[in-house]
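First up is the structure itself, then whatever we jot down about it.
Any value given below was found using the heavy atoms of this structure, including those in side chains, with hydrogens, waters and symmetry copies removed. When a ligand or atom number is given, it counts from 1 through the structure's own listing order.
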Amino acid sequence: MATIADIKPFLKEHQETIIDQVTIGQVYGGMRGIKSMLWETSLLDPEEGIRFRGFSIPELSLKLPSKGGQPLPEGLFWLMLTNEIPTEEDVQWLSDEWERRRQIPQTTWDVLNALDPDTHPMTQLGIGILSLQQKSVFTNQYAEGLNKRDYWDATYEDAMNLIACLPQLAAFIYRKSFKNNEQIAPNDNLDWAANFAHMLGVSDDPNFNSLMRLYMTIHADHEGGNASAHAVHLVGSTLSDAYYALVGGVNALAGPLHGLANQEVIKWIFEMVDTIGTTKPTTEQIRKYIEDTIAEGKVIPGYGHAVLRKPDPRFIAQQAFAMEHMKDDDIVNIVWKVFDVAPKVLGALGKVSNPWPNVDAHSGAILVHYGLKEYRYYTVLFAVSRALGVLASLCWSRVLQLPLERPKSMTSGWIKEWVEKRS
Ligand code: HAX
């Protein structure tokens with residue numbers, strides 16, 4: 001595992017070694033693929049998908065302690081933070097620790113209750129997290145004169161406290177927005193994800209707890225360049241604490257090209273069902289609906305990716321779950337039919353880099369099956385999971401004492417001049 005002691009001499013030797021080059025196309029094209037950032041907790045391969053500390057999703061489901069057939073997100077957080085597969089006891093310790101640290105002040109509930117009831121759940125989540133910021137161990141210790149060698153320790157405390165609070169905060173937002181503010185108390189006999197499922201209160205089916213374990217695991221991290229992770233990294237690099245940094249990521253996740261795509265997918269499917277007039281559309285009807293969506297100048301939500309060039313293994317993991325638990329569900333079957341058709345239609349456009357489904361193409365249909373139909377809420381689930389990866393990474397940014405992030409920008413005039421001078 002990387003430590004300051006390893007990295008300092010390595011960096012001294014290779015400071016000037018070239019790892020990548022940047023084209024003007026990349027400058028105008030969202031900086032795709034530029035190798036320019038350190039992120040220890042996971043790495044994304046375009047063909048194979050995500051690996052967390054070297055382990056693929058199928059490998060994790062075999063190696064991490066599990067319950068109800070799914071790996072426990074506690075185990076993944078432990079792995080991302082320590083680079084070691086935890087034991088059952090380690091995971092139990094972490095579960096207990098998060099339970100002990102779960103303390104949300106009344107002011108947070110008051111702030112959320114004061115918001116307009118229609119406030120988007122992602123806005124509520126960001127406000128809820130910021131309302132906890134005054135608890136920040138890092139910010140309070142920094143004000144007292146914290147030695148930079150100890151930044152990581154205070155950040156670890158913040159990460160642990162924040163992750164402990166997120167399920168209750170997120171469940172509160174759901175029950176307030178969609179269930180007449182009738183709140184459900186946490187059950188301390190449950191693991192972190194199952195307790196979240198319990199507080200949401202949408203299903204008594206134990207498989208819903210398993211789904212939440214799967215969901216909280218597969219969305220946790222997707223290397224560092226995606227918008228939410230990068231936002232956390234950038235904000236955190238100013239020595240903003242974990243609360244401020246996480247809200248940066250939550251805001252990035254709230255965009256329809258990123259995490260909000262899970263809400264957009266199911267909205268698009270519900271509209272398809274309404275337009276076609278059946279929950280069992282044929283493949284031809286779905287093809288036409290996809291073509292119409294594109295003709296209207298819209299994207300097919302849940303398809304495409306800035307890095308991946310194959311079906312997302314996170315989609316495949318959800319498909320396997322749905323095959324086992326709900327293979328006759330109409331909405332799930334629509335998701336599978338879209339998977340049959342959309343890649344061909346998108347591929348035929350000749351411009352789409354990746355015509356395959358991403359993580360967001362499947363998640364909503366499974367949630368609908370268990371009764372969680374309020375799709376404006378879906379991205380909150382993504383955000384709670386994403387906190388695990390980005391906060392583990394923020395701890396590592398502090399361990400490695402990474403500096404303030406400050407890439408160079410240019411104007412179009414500067415670029416043109418540079419090209420002219422060069423030629
Ligand atoms: N439907 C229709 N057109 C698409 C498309 C899709 N699903 N995906 C890409 N394209 C189009 C782009 O809009 C672009 O068109 P223009 O040249 O006319 O602007 C062209 O294909 C090339 O884009 P690309 O290189 O394939 O894709 P990018 O790397 O620029 O963008 C996106 C990647 C994920 C933003 C894109 O595929 C998209 O908009 N997908 C739909 C939204 C979505 O599912 N987002 C979630 C992504 C995963 C994630 O972050 N989850 O949280």
Do any nitrogen or oxygen atoms of [X] lie less than 3.5 angstrom from nitrogen or oxygen atoms of ligand 1?
| X | answer |
| --- | --- |
| Leu257 | yes |
| Lys298 | no |
| Pro301 | no |

Next on the checklist: If you scan the protein for heavy atoms around atom 32 (C) of ligand 1, do you find one that is closer than 4.0 Å?
Outcome noted: no
Checklist entry - Is at least one protein non-hydrogen atom found at under 4.0 angstrom from atom 27 (O) of ligand 1? => result no
Are [X] and [Y] side-chain neighbours, meaning at least one heavy-atom pair lies under 4.5 Å?
| X | Y | value |
| --- | --- | --- |
| Trp78 | Ile85 | no |
| Tyr215 | Pro73 | no |
| Asn181 | Gln183 | yes |

Residue, atom name and distance, where the atom is the protein heavy atom closest to [atom]:
| atom | value |
| --- | --- |
| atom 22 (C) of ligand 1 | Lys351 O, 3.3 Å |
| atom 44 (O) of ligand 1 | Gly302 N, 2.8 Å |
| atom 38 (C) of ligand 1 | Tyr303 O, 4.0 Å |
| atom 30 (O) of ligand 1 | Arg32 NH2, 3.1 Å |
| atom 37 (O) of ligand 1 | Gly304 CA, 3.3 Å |
| atom 50 (O) of ligand 1 | His258 ND1, 2.8 Å |
| atom 4 (C) of ligand 1 | Val352 CG2, 4.0 Å |
| atom 1 (N) of ligand 1 | Ile300 N, 2.9 Å |

Checklist entry - For Glu420 and Lys416, what are the C-alpha separation, side-chain angles and deciding distance, and is it a salt bridge (charged side-chain N to carboxylate O under 4.0 Å, His left out)? => result CA-CA 6 Å; Glu420 277 158 21; Lys416 277 190 188 146; over 6 Å; no
Item to check | Pair His222 + His305: ring centers closer than 6.0 Å | outcome: yes
Item to check | Ring centre gap for Trp98 and Phe77 strictly below 6.0 Å | outcome: yes
Checklist entry - For Ser228, which of His219, His233, His258 qualifies under side chain to side chain contact (heavy atoms under 4.5 Å, CB included)? => result His258
Checklist entry - What atoms in ligand 1 come closer than 4.0 Å to a heavy atom of Phe382? => result 52 (O)
Checklist entry - With a cut-off of 4.0 Å, which atoms of ligand 1 are near a heavy atom of Ser353? => result 24 (P), 25 (O), 26 (O)
Item to check | Short side-chain donor-acceptor distance under 3.5 Å, Thr119 and Gln124 | outcome: no
Checklist entry - Taking heavy atoms and a distance under 4.0 Å, where does Ala261 meet ligand 1: side chain, backbone, both or neither? => result side chain
